[in-house]
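Predicted model only: the values in this text are computed from it and were never measured.
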Amino acid sequence: MIKRYELFSFKSAKLLVLMFLLFGICAGCFEKDPVEARVNTLIQGLGDEDERVSSGSANELWAIGEPAVDPLIKALKDDNPQVRSLAAQDLGIIGDKKATNSLITALKDPVPEVRMNAAFSLGELQATEAVEPLIELLKDENGEVVRYTVIALGMLKDPRATEPLCEVLKRDDASISYDGNSNIRSEAVFALGDTGDPRAVDTLLDLLADKEVGSSAASSLGRIKGEYVFGKLIKLLGSKNPTTRTNAVAVYENIQDPAAVPILVRMLNDQVPEVRIGAAYALGHFNESEEIAQTEQPLIHSLEDSNVKVQAAAAGSLGRIESKKAIPLLAELIQSNNSSLCETAIYSLARYKDPEAADALIAALGNENWHIRMEIVYSLREVGDTRAVDPLIPLLGDENLGVRKSAATSLGSLGDRKAVEPIIKALETERESDVRISEVQALGILGGPEAINCLSRIGTDKDEYKYVRNSAEKGLMILKGGGTVNASSFY
């Protein structure tokens with residue numbers, strides 16, 4: 001079966017193709033035009049039965065670019081369907097619009113995989129002249145061809161496709177899954193959102209009750225927006241179907257109209273937890289001062305909800321709006337027995353650039369759960385308060401290597417050189433290579449004479465782990481050159 005190959009998956013194929021060229025498969029051609037000869041050889045390689053050769057040839061051809069376009073257009077008429085399929089794929093990736101007409105012709109190829117790749121490539125080319133032929137292809141008997149055609153029409157964002165895409169949603173075979181996780185209906189819903197056409201609104205609103213594609217419909221409606229959407233949603237919030245209410249709340253989140261705030265606050269009292277979760281999460285995306293004034297107290301109240309997931313959604317939103325009132329409450333949640341709630345509180349506090357948030361995180365560093373300790377350490381790095389340096393230093397000796405590693409990383413990021421000596425001391429006994437790398441990188445960031453001396457010893461120690469030594473050498477080279485080292489310098 002012909003496949004739409006994933007490019008760059010077989011590096012060895014490139015070497016093999018180059019070997020063919022070196023050994024003169026296209027003997028005599030080089031005297032005329034080396035690039036032309038190479039392209040012709042690679043075109044032949046598209047039909048090879050060995051997938052490594054065919055995909056490698058496809059990789060090489062699109063890397064060549066414009067000089068390969070005309071030969072690839074010609075290859076769309078090759079007797080070998082695999083050559084036609086890969087040629088259609090490459091033409092879309094190269095992006096030369098002169099291939100448009102030939103690809104439109106390829107939409108009628110007898111082999112489904114060729115039609116599929118031709119359709120997708122027309123979408124990549126933004127070939128609006130292909131809209132009508134692609135709409136016709138929606139009637140194809142092959143589901144995968146239809147799916148890729150739907151995707152292509154979404155790329156083109158042309159309102160001419162709105163009604164045909166709505167019709168696709170009514171097809172009996174539109175729920176068939178492909179690649180294990182996608183189907184025609186879900187792709188059609190996304191494509192309708194891409195068109196931005198108000199004519200799709202009613203169809204998408206009806207789909208909010210659908211458990212399979214309702215959330216996708218909510219996302220697409222959020223991209224269309226408009227007063228018409230807003231007004232219809234209010235009625236749907238009173239639906240007896242909890243799936244409809246949940247997805248309607250998600251639309252308000254995507255629209256982010258300030259007028260939605262009081263509506264979402266009201267939905268925090270819905271009987272169904274999923275609706276309350278959606279409302280609490282959505283309110284965190286309204287962060288203007290007037291909006292926060294309306295949302296802060298209701299979200300704080302939701303921290304006491306009977307459902308832990310609602311509490312977590314509220315905690316996350318309070319962090320996003322950086323509610324000062326919520327800091328002591330989030331600090332309490334770090335002690336929760338529910339790890340998800342605890343972690344959400346930590347992540348929320350990390351959003352604050354506030355001494356009170358730093359104090360709350362520092363106070364929780366003694367948590368018995370190593371994973372929680374590690375997340376707190378990383379959050380302190382995000383807060384950026386150097387008062388965390390002294391409490392973090394003892395964690396260089398923590399029983400858990402993940403905590404030790406995160407402590408070293410955070411101490412480097414916080415930039416206080418009082419951590420240099422403790423890190424050097426920790427290196428004397430640390431045995432885990434990953435932790436040692438983080439400690440060495442921290443020294444490279446912090447700098448100073450003591451750090452440079454330590455990095456010099458480690459960089460020349462033949463008994464040291466190779467990657468630790470390499471990190472020391474990199475940091476030392478930058479420091480001695482007068483540059484500034486940061487975490488990205490080591491990658």
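Residues forming a side-chain hydrogen bond (donor to acceptor under 3.5 Å, both in side chains) with E473 (at least two apart in sequence, or on another chain): none. Checked against side-chain hydrogen bond (donor to acceptor under 3.5 Å, both in side chains), Q256 has no partners two or more places apart in sequence or in another chain.
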### Task
Show your working on side-chain contact (heavy atoms from CB on, under 4.5 Å) between C454 and L427 and close with a plain yes or no.
CA-CA 9 Å; C454 183; L427 278 164; 3.9 Å; yes
### Query
Going through the checks in order, is the salt bridge (charged side-chain N to carboxylate O under 4.0 Å, His left out) test met by D140 and R115?
CA-CA 10 Å; D140 198 276; R115 302 196 298 274; 2.8 Å; yes
#### Entry: side-chain contact (heavy atoms from CB on, under 4.5 Å) between Y148 and E113, worked out
CA-CA 10 Å; Y148 272 89; E113 288 81 1; over 6 Å; no
### Query
K211 and T243: side-chain hydrogen bond (donor to acceptor under 3.5 Å, both in side chains), yes or no, with the steps?
CA-CA 7 Å; K211 291 183 178 180; T243 301; 5.0 Å; no
### Query
Does the pair D96 and L91 meet the rule for a side-chain contact (heavy atoms from CB on, under 4.5 Å), with working shown?
CA-CA 7 Å; D96 193 322; L91 287 167; over 6 Å; no
### Query
After noting the C-alpha distance and the side-chain angles of E439 and V435, does the key distance pass the side-chain contact (heavy atoms from CB on, under 4.5 Å) rule?
CA-CA 6 Å; E439 291 170 342; V435 182; 3.7 Å; yes
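Taking the side chain as every heavy atom from C-beta outward, L443 and I424 approach each other to under 4.5 Å. Side-chain contact between S102 and I73 is present, with heavy atoms from C-beta onward closer than 4.5 Å. Side-chain contact between R320 and N287: absent, with no pair of heavy atoms (C-beta onward) separated by less than 4.5 Å. A 4.5 Å side-chain heavy-atom check between L349 and V383 finds every atom pair outside the cut-off. A heavy-atom distance below 4.5 Å is not found between the side chains of T105 and N101. In this structure, E288 and P258 have side chains that are not in contact, with every pair of non-hydrogen atoms separated by 4.5 Å or more. The shortest distance between side-chain heavy atoms of L208 and L221 falls below 4.5 Å.
Closest heavy-atom contact between S456 and L476: OG-CD2, 3.4 Å. In terms of heavy-atom proximity, L137 sits nearest to A119 at CD2-CB, 4.0 Å. R185 approaches D210 most closely through the heavy-atom pair NH2-OD2, 2.6 Å. What you find for L411 and L446 is that their closest heavy atoms are O-CD2, 3.8 Å. Contact record, S317 with Y281: OG-O, 3.3 Å, taken as the closest heavy-atom pair. Contact detail for L455 and G475: the closest heavy-atom pair is CD1-C, 4.5 Å.
Formation of a donor-acceptor pair under 3.5 Å by the E430 side chain with backbone atoms of E432 is found in this model. Looking at K353, its side chain does come within 3.5 Å of a backbone N or O of E382 through a donor-acceptor pair. Side-chain atoms of S406 come within 3.5 Å of backbone atoms of G402 as a donor-acceptor pair (strictly under, hydrogens ignored). Checking side-chain atoms of Q126 against main-chain N and O of M155 turns up a donor-acceptor pair under 3.5 Å. Side chain of E187 to main chain of N183: no donor-acceptor pair is present (N/O by atom type, distance under 3.5 Å, no hydrogens or angles). S219 places no side-chain N or O within 3.5 Å of a backbone atom of S215 that could act as its donor or acceptor partner. Although no hydrogens or angles enter the test, the distance criterion places no donor-acceptor pair under 3.5 Å between the side chain of S471 and the main chain of V440. A donor-acceptor contact shorter than 3.5 Å is absent between the side chain of T162 and the backbone of D197. Between the side chain of Y465 and the main chain of R431, a donor-acceptor pair closer than 3.5 Å is present. Side-chain N or O atoms of S220 include one that pairs as donor or acceptor with a backbone N or O of V189 at under 3.5 Å.
Other residues, nucleotides and ligands contribute at most 12 non-hydrogen atoms within 6.0 Å of the NZ atom of K309. Within a 6.0 Å sphere centred on CD of E163, heavy atoms belonging to other residues, nucleotides or ligands number 12 at most.
Salt-bridge check for E132 with R160: passed, with a basic side-chain N closer than 4.0 Å to an acidic carboxylate O. Ion pairing of R147 with E144 is present here, as a side-chain N (NZ or NE/NH1/NH2) and a carboxylate O approach within less than 4.0 Å. Classification of R436 and E464 as a salt-bridged pair holds, one side-chain N sitting under 4.0 Å from a carboxylate O. Using a cut-off of 4.0 Å between Lys/Arg side-chain N and Asp/Glu carboxylate O, R351 and E322 are scored as not salt-bridged. Salt-bridge annotation for R84 and D79: absent, with no side-chain N of the basic residue lying under 4.0 Å from a carboxylate O of the acidic one.
Taken to the nearest 0.5 Å, the NZ atom of K97 stands 12.5 Å off from the CD atom of E124. Annotation: the span from I458 atom CD1 to D463 atom CG amounts to 12.5 Å, rounded to 0.5 Å. For the atom pair E60 CD and I43 CD1, the distance stands at 12.0 Å (nearest 0.5 Å). Residue L207 holds its CG atom at 10.0 Å from CG of N247, rounded to the nearest 0.5 Å. With rounding to the nearest 0.5 Å, the separation of CG in L401 from CH2 in W370 is 8.0 Å. For the atom pair OG1 of T195 and CD1 of I224, the computed distance is 5.5 Å after rounding to the nearest 0.5 Å.
Judged as a salt bridge (charged side-chain N to carboxylate O under 4.0 Å, His left out), the pairs with a partner in residues 66-76 (not counting sequence neighbours) are, in order, E66-K98, D70-K98.
S85 and N117 share a donor-acceptor pair across their side chains, judged by distance under 3.5 Å alone. Side chains of T203 and D206: a donor-acceptor N/O pair is absent below 3.5 angstrom, by distance only.
When each of T41, L42, V35 is tested with R38 by the rule side chain to side chain contact (heavy atoms under 4.5 Å, CB included), just one qualifies, namely L42.
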